[in-house]
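Written below as structure tokens is the structure these notes are about.
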Amino acid sequence: MSDLEQQQPPQWPENGDQWSDGEDGTNMDCGLLQAMAEEDEEINVYNEETFGMDLDTHGTTEVPNNGLLQFGELPSPPPPPPPPTPPLDPKPPSRHSSPSPPRQRPQYFPRAPPGQRGRGRGQRGGLGRGQMFEDPAVVRIVQGRPSIKGLDSAIVDCGNAMYQNSFEDDYMAPSSRKSRRISGSILQDSAIVCVIDGRRGQHLTSNFLDLPYPVSSFRGRRGETRGSYPRRHFGQRVPAQMHSFTVPGSPINLRQPLTPRQHYNQTGGFMFPMNRPCPSTPQSLTPKMMQLRFGANSPRPSPFYSPSSNSVQHFRYPGPVTQLHPQHKRLLSQKQRLFQRKPEGWDPYCNLMTAKEKEWITRLQMIQLQSEHPYLEDYYYQEYYRRIEAKMAEEELGIRGKREPPKLTTPYIMKSDSYTPVVHIEGSLGQVAVSTCYSPRRAISAVNAVQAQCPLEEQKDIRQQRLEVLSKIEKLFIVLLEVEETERMKTTVLSEEEERRLMEKTQKKVEHIYSQLQHHDPLDSGGEFLPFLLVSKGKRLVARLLPFLKHDTALKILRIVTCNLPTLMSRDTEEALPVLYPSLRNVIGGLTFSQLIGLIKDLTFESLTTSESLTLACQNKFGLSLLYALLSQGEKLLSSGVPLEPSIGDFETWTDTIFQVAGQLSQCSLVEPLLLPSNLLTLFCRYLDKRTLHQLKSNMESATGFLALPS
Amino acid sequence: MLLTLALPCRCVFQLFYSFFKSLVGKDVVVELKNDLRLGYLNIKLTDISVTDPEKYPHMLSVKNCFIRGSVVRYVQLPADEVDTQLLQDAARKEAMQQKQ
């Protein structure tokens, strides 16, 4: 070190007095630079030990962050940073004189401007301190905003606009607290330019993630890191642009969570690969490369110049980029607005990627999803947002939930209270993984709770039947999907002939599904439709099939449901019955008075004959809602004035049903129904005495939580 | 994870892409096999946050990362953003297409 000092004594500019501490009230910055200098010292020690860094022929060593030291308080030119080596210090320069300020160390040399630096350590550090301001890049920075143009046209192409914006912001920052961190986009663009060069890629490591400096995580074409920025920052041969990038905001500032020392101690990895090949200079860029446009300002991603993996190279040049669904775009823009409200200083490392860059990457990914048949190949996405859009449109129009107080709720599947953390499947070795909130997989759905009570042989038969039913349901679902698809296509068809043809096709498929559901097994005495209705998937299938059925066939299904209501309610472990409610309610809405009375007879005299079964219905969401729907339809028919054409005894049956149901409702506890018709109380007012009516009303209100007002 | 899947295999993963495309901009949690759980905003893992920073302090400064698929244990999806019924239908359609 003493040799070094002898070979090239530090030469300070004549206005060195401007570099003294505290004169300009820049104590904080001086302290900052001192801290930086101390960190540099430790880093250099480490580099020496690791790489055996020798002093070059000029007696200088590469100083990774000498660029930072050059530019102390930069926004106000000329910057008066404190001298790294105070000339006032009387102590002899010594590398190991740790108590003394590190400014005596000879390794704090400014970086040479581009073109002047050679590869390898030996050629570096050609400038002494005295030449600090002779560095044209430095001079430019000191005097004002450097001119980007002419330095590196590739960088100009890539990041000109972004740079100017960010640089201006940083330059105009009044306070040191304002983020002076360089916009990552410019650096990233330069990194891409370097990556394109290809030579430095093989020397890059992936330690950039550990660095506390704001680097982008974007990877280059060969998986190289774009985070070579910090390495290049520390003394690499970089375009002069890089100098100016360091000016506005030093990444090494007190605000970073880890200092280089801490990081170096933590990661144990080297931070200043001094032996890296130099990045490409403007002269080394081929004309082809000069035309490359990467980063946020790229008009569109090109597969041939894509920095991503090779898998994208063989698809065609992208035409219009895959667009997000308009509803999706609206949701994303709303979310973006929310995020933009956050104050800038909440995270020093936020906005590493600009919105444009993120959008660019997203576009790259979306290109892979381009297709000529979006509804076929991108079915889930298209349908999902179409449904959201339709739902929001309905809500805007006020179609839903305006006439009757409670909105129709979706089925709520209650988690089973009897939770078995360890599941053992018969015949398997060991146990299934413990099911916790972190491991949600459970092999329970195939096990029917009812089977546990039967003998083993019977269990196997039941299991086999259940599997057959499930298999059949799946096959019928595929046919149902075709029906729904055909129904959707009807709206796009123009000619009547085509529409008629589609209707015939739909009808055939619907009849096929209906017949399969009706006659599952001729030997099975379970009845029509019942085996499918006992399975949750079967309920969903029936619910989606009902809108396509004619009124008679739909009524038959409704009758089966009302006749077997106690069985269905008791064996509905997954509480999937509510999925049937919307479709069945539409069917109920089309009933005549006679048909309604027939159903009520089935319900009250065949299924809910005992008080226990009626109590069970009152305590089941679906059962109670079905009861309410039937009564509401009756009231609607009676008050509408339409000729009812009742059969003999219909009115008596109707009246008896009212009294029976009202009496039960007023006594037992009620659950909240899926839908509470508004005309129900009006119906009860007509037949019940005040006391019973008042009791019933309070019971209904306590279940629903709001007033059951008569319409 | 999207970029690692090559195009020839795209037909197998159409539903995969379509489903996760609908989750762009939504919050999900990725649980890795080393018990590290990350929350991120899209499937490319930008703007991540660690759910247990005390246990994994080295991830505090990481905002963007790429996670190899083989190290993922679970991807916890927001229940409100997933239409399970539609997902079932899409799976059935994809199975149908593959058979054809």
Non-neighbouring partners of A:Glu487 that pass salt bridge (Lys or Arg N to Asp or Glu O under 4.0 Å), sequence neighbours left out: A:Lys490
Minimum heavy-atom distance between A:Tyr384 and B:Val82, given as atom pair plus value: OH-N, 4.1 Å
Residues which pass side-chain contact (heavy atoms from CB on, under 4.5 Å) with B:Arg92, listed by chain and number, not counting sequence neighbours: A:Glu474, A:Phe477, A:Leu481, A:Lys537, B:Gln85, B:Gln88, B:Asp89
For the atom pair CG (B:Leu86) and OH (A:Tyr381), what is the distance rounded to the nearest 0.5 Å? 13.0 Å
Give a yes or no on whether B:Met96 atom CE has more than 12 heavy-atom contacts from other residues, nucleotides or ligands under 6.0 Å away. yes
To the nearest 0.5 angstrom, please state how far the CD atom of A:Glu383 sits from the CG atom of B:Leu87. 12.5 Å
Gap between atom CZ of A:Arg387 and atom CG of B:Asp83 - 0.5 Å precision: 5.0 Å
Shortest non-hydrogen separation from B:Ser18 to A:Tyr379 and the atoms involved: OG-N, 3.9 Å
